[in-house]
Amino acid sequence: MIQRHAIGLFACLAVLTAGPVLAAKTTVWDGSTGNWTNTAKWDNGKPVAGDTARVPDGTITISTSGEATKFLHVTNGVINMTGGTLAMTDKCRVGTGAGNSATWNLSGGVIDGYWLELGRYTGTGLGAFYHTAGTASVSLVTFVGAYGDGRYELTGSSAVLKNPYLFQVSYGLNGYSSTGYFLQTDGKHYASLAYIGLGWNDGGTGTYDLRGGTFVVTNYIGLGSLGSARTGTTPADGTFLFTGGTLTDGGGDADLAVRVSADNRGTFRGNGTVDFSGDLENNGVVTAVGGTLDMSGFASVDSTIENDDGYGWYAKGVGLLQLPDVSVGTGAQSVNWGEAPGDAEIDLVNSVNAAFDNVTGAGNLTVELVGEEHATLPAAAPSGEQFIGLWKIAFSGSYSGNYDLTLRYDDSVIGTNAPSGYYWNGSAWTALSGTLSGNRITFADLSSAPGLSGTPVWFALTGPVPPFVEDFEAYLEGDSITNYHGWTGSGGVIATSTAAYGSSFLGGYIPLDRGVTNPVSTTSDRVWTEFYGKLALWAQDSPPSLDSDATAMLYVNSNAYPVVYDGATDAWAEKTTAYSGGGSALYATGAWARVTLFHHYTNKTWALFMDNVLVAEQITFINESVSDYARVSLYGGKTWFDDLSVRTMYNSTLDGNNDGDSLVDAWEIHYLNTIDYGDADDPDGDGADNEKEQTDGTDPNNPASRIYDGLLLRLL
């Protein structure tokens, strides 16, 4: 069980910071450029031990040994430390106050500090620390983002950061949100206790991005807050990205907790070996991507929160996830992989339960979770299907009788469709008959086909293949999406964690004046396109240039209203009334919106929804000669997008209803191309009105598509 340290930590902080106040001077830098030792630059003389030094602006160089102060507050200036030593016996704050930004560049020398804060109440400002050489030693606490935004970059091979007690990326409190980012590409970072993205549930968003160097954690990493909501309602969000370097406990027994409390979010993502030998607790999302994520060195795996919202274990693309083996004793045994040992119902996505009638020889259950593009995959999915889960399972012991295998699958991929089960018989995927219970499937009474003792067995779950779905989960942080998964476009379009929305972690970013295109094709008469977007407003005076080859174009103007091009009038039209009752902006700057478009290729019209609400319908195509859906293109500046899909049936969760009847807008538009019909209308004259056709799932335009009521008498 992971040990919690927070109460002891902050009790200890209170003791250590208490004590008599020493009389000392306050001295303020004059805002110009100069050396720390230049007494004339300070209004009350150069700082010495016990003093408070304030830097409201300007640039200071530190290069000599023996420099000291008690407090150092750098509000909006720059510290360049190239050598020497600086001792600080109390708080050092870099970047304080709304809109202020301050930077510390450490390229040599030694900092001996007590408390370091980067970004305190900064609002739009930033507190930054760029560490390329030298040593920074902080004896008590380091905050990268303290009620504000902070950034630390450890990038030099000789750079050393020491945090013997508390290291925290992002701390939001009392209504102040915080974003903290720590990038390590080289050097060494020693931390006895590391918290990533605690936030105290007030919007703290913290990321540790380990790409190189060595990170030594001797005690604990917690992702996603310590406690429940305090003064705010915005979840804390902690993320660890691991794509290079060494992550180790240095021979200790460090613990890792992903999503510490239910109100918050936690993510661990990447590849490499997590050299920890303590306990692994996952209530969040752990994803292997770009290679093997080896977490098998942990002593145990546990889950302390009932999870049924997409939290769990994932392997994407060429990723492969390894967790510790599960010990299986003799006799009747039921064991979990990737789930709390005693949990009777596995709930983390891609977790496994194996229940044996009779284990005759004790052994270990070994499971590997494998990505759908991994090189060891024995064969592609059966025709017309896609993998939604791949497990490679072996048991080193022996058993008599049968075993049951239960898999918690990722239902977000296939929605309400039932998965199909298979195992690899050595030459082909062989179907397995399973029993569904919610988002779990059980294959009961298995014995020798497939047998688990000896050679590992591949198990797979599959579902129907949609025309196109892109969730960006098979990418690594910073990957260019150009020429990958069909994407093409101008330079600079990447996948990035900053675009996180809902259960998805990565998303696409379109920089200023860039675009991206995917050649998605389908000959269906009716096509739904959907994506989540954090949309930049079109702030220019004139609309964007018209693409005469397109069927539909839209943008969000500087008033935050959607604007569509209607081919019937050959003009741009601002839509202000149908969405949210009109009279106010339709889109909040900086927010995420669900954007859905419906194309009707026979009628040459399309409709637009935002956040499930119909904005406009029966908009005429720009190019009415287009007969098929051929591509999707997004163009703009500073725009995020995620979870893009192209489907030939409307998404049943699109349940907006703007005309007061019982008919879902999406159903009306899909079949009738308008929401003008009512419940009792019967367009096809088959005696079943629209309300019944919607309930029965039949086509209101086809009189042969209906379910008849009453007695059926057959005379033979």
Side-chain angles (χ1 to χ4, degrees), residues 95 116-119 122 126-131 142-155 161 163 166-172 177-187 189 191 193-213 215 217 220-226 234-245 247 256-260 264-272 274 282 284-287 289-290 293 472-473 475-479 494-509 534 640 642:
L116 175 63
E117 290 182 2
L118 304 179
T122 52
L126 176 70
F129 200 108
Y130 300 106
H131 191 166
T142 297
F143 289 131
V144 182
Y147 333 129
D149 294 345
R151 184 181 184 94
Y152 198 118
E153 294 188 7
L154 184 65
T155 59
L161 174 61
N163 295 100
L166 174 63
F167 173 73
Q168 190 166 332
V169 181
S170 178
Y171 187 87
S177 63
S178 170
T179 298
Y181 178 72
F182 192 102
L183 172 66
Q184 183 177 358
T185 62
D186 211 332
H189 182 191
L193 191 61
Y195 289 120
I196 312 299
L198 289 179
W200 287 97
N201 212 37
D202 269 350
T205 300
T207 301
Y208 198 112
D209 189 349
L210 180 59
R211 305 183 188 182
F215 186 21
V217 180
Y220 172 76
I221 295 179
L223 308 178
S225 187
L226 278 178
T234 304
D237 195 339
T239 297
F240 199 106
L241 304 175
F242 182 31
T243 56
L247 178 58
L256 170 63
V258 183
R259 186 172 170 238
V260 178
N264 302 296
R265 295 191 293 261
T267 302
F268 192 104
R269 181 184 178 92
N271 61 84
V274 182
N282 181 28
V285 176
V286 175
T287 304
V289 62
L293 179 57
F472 295 102
E473 294 305 288
Y475 297 85
L476 286 172
E477 176 78 7
D479 275 354
I494 62 173
T496 172
S497 62
T498 313
Y501 183 88
S503 63
S504 183
F505 181 73
L506 293 180
Y509 173 63
K534 187 163 67 172
W640 305 98
D642 198 2

May I have the step-by-step check of side-chain contact (heavy atoms from CB on, under 4.5 Å) for Asn271 and Leu476, ending in yes or no?
-> CA-CA 10 Å; Asn271 61 84; Leu476 286 172; 3.9 Å; yes
Taking atom CD of Gln168 and atom CD of Glu117, what is their separation to the nearest 0.5 Å?
->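 Those atoms lie 10.0 Å apart.
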Say you draw a straight line from CD of Glu477 to OG1 of Thr207; how long is it, rounded to the nearest 0.5 Å?
->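 Nearest 0.5 Å value for the CD-OG1 distance: 8.0 Å.
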Donor-acceptor contact present, side-chain Arg259 to main-chain Asn264, <3.5 Å |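 Yes.
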Given the side-chain rings of Phe215 and Tyr208, with only the six-membered ring counted for Trp, is the space between their centroids under 6.0 Å?
->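 Yes, ring centres under 6.0 Å apart.
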Does some side-chain heavy atom of [Y] sit less than 4.5 Å from a side-chain heavy atom of [X]?
| X | Y | result |
| --- | --- | --- |
| Arg211 | Phe242 | no |
| His131 | Gln184 | no |
| Thr267 | Leu223 | no |

Would you tell me whether Asn163 and Thr142 have side-chain atoms, one donor and one acceptor, within less than 3.5 Å of each other?
->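 Checked: Asn163/Thr142 side chains pair up, N/O donor to acceptor below 3.5 Å.
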Stepwise side-chain contact (heavy atoms from CB on, under 4.5 Å) check, Leu210 with Leu247 | CA-CA 8 Å; Leu210 180 59; Leu247 178 58; 3.9 Å; yes
Could you check whether the rings of Phe472 and Tyr475 sit parallel, tilted or perpendicular, using 30° and 60° as the cut-offs?
->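 Geometry flag for Tyr475 against Phe472: tilted rings.
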Taking the inter-plane angle between the rings of Phe240 and Phe268 on a 0 to 90° scale, is it parallel (under 30°), tilted (30 to 60°) or perpendicular (over 60°)?
->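 Aromatic pair Phe240/Phe268 classed parallel.
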Run the salt bridge (Lys or Arg N to Asp or Glu O under 4.0 Å) check on Arg151 and Asp149 step by step: do they pass?
-> CA-CA 7 Å; Arg151 184 181 184 94; Asp149 294 345; over 6 Å; no
What's the verdict on side-chain contact (heavy atoms from CB on, under 4.5 Å) for Val289 and Leu506, showing C-alpha distance, side-chain angles and the deciding distance?
-> CA-CA 11 Å; Val289 62; Leu506 293 180; over 6 Å; no
Check against side-chain contact (heavy atoms from CB on, under 4.5 Å), Thr155 and Asp186 = CA-CA 5 Å; Thr155 59; Asp186 211 332; 5.6 Å; no
Determine the sole option in Tyr152, Phe182, Phe143 for which the side chain to side chain contact (heavy atoms under 4.5 Å, CB included) test with Leu118 is passed.
->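 So the option named by the test is Tyr152.
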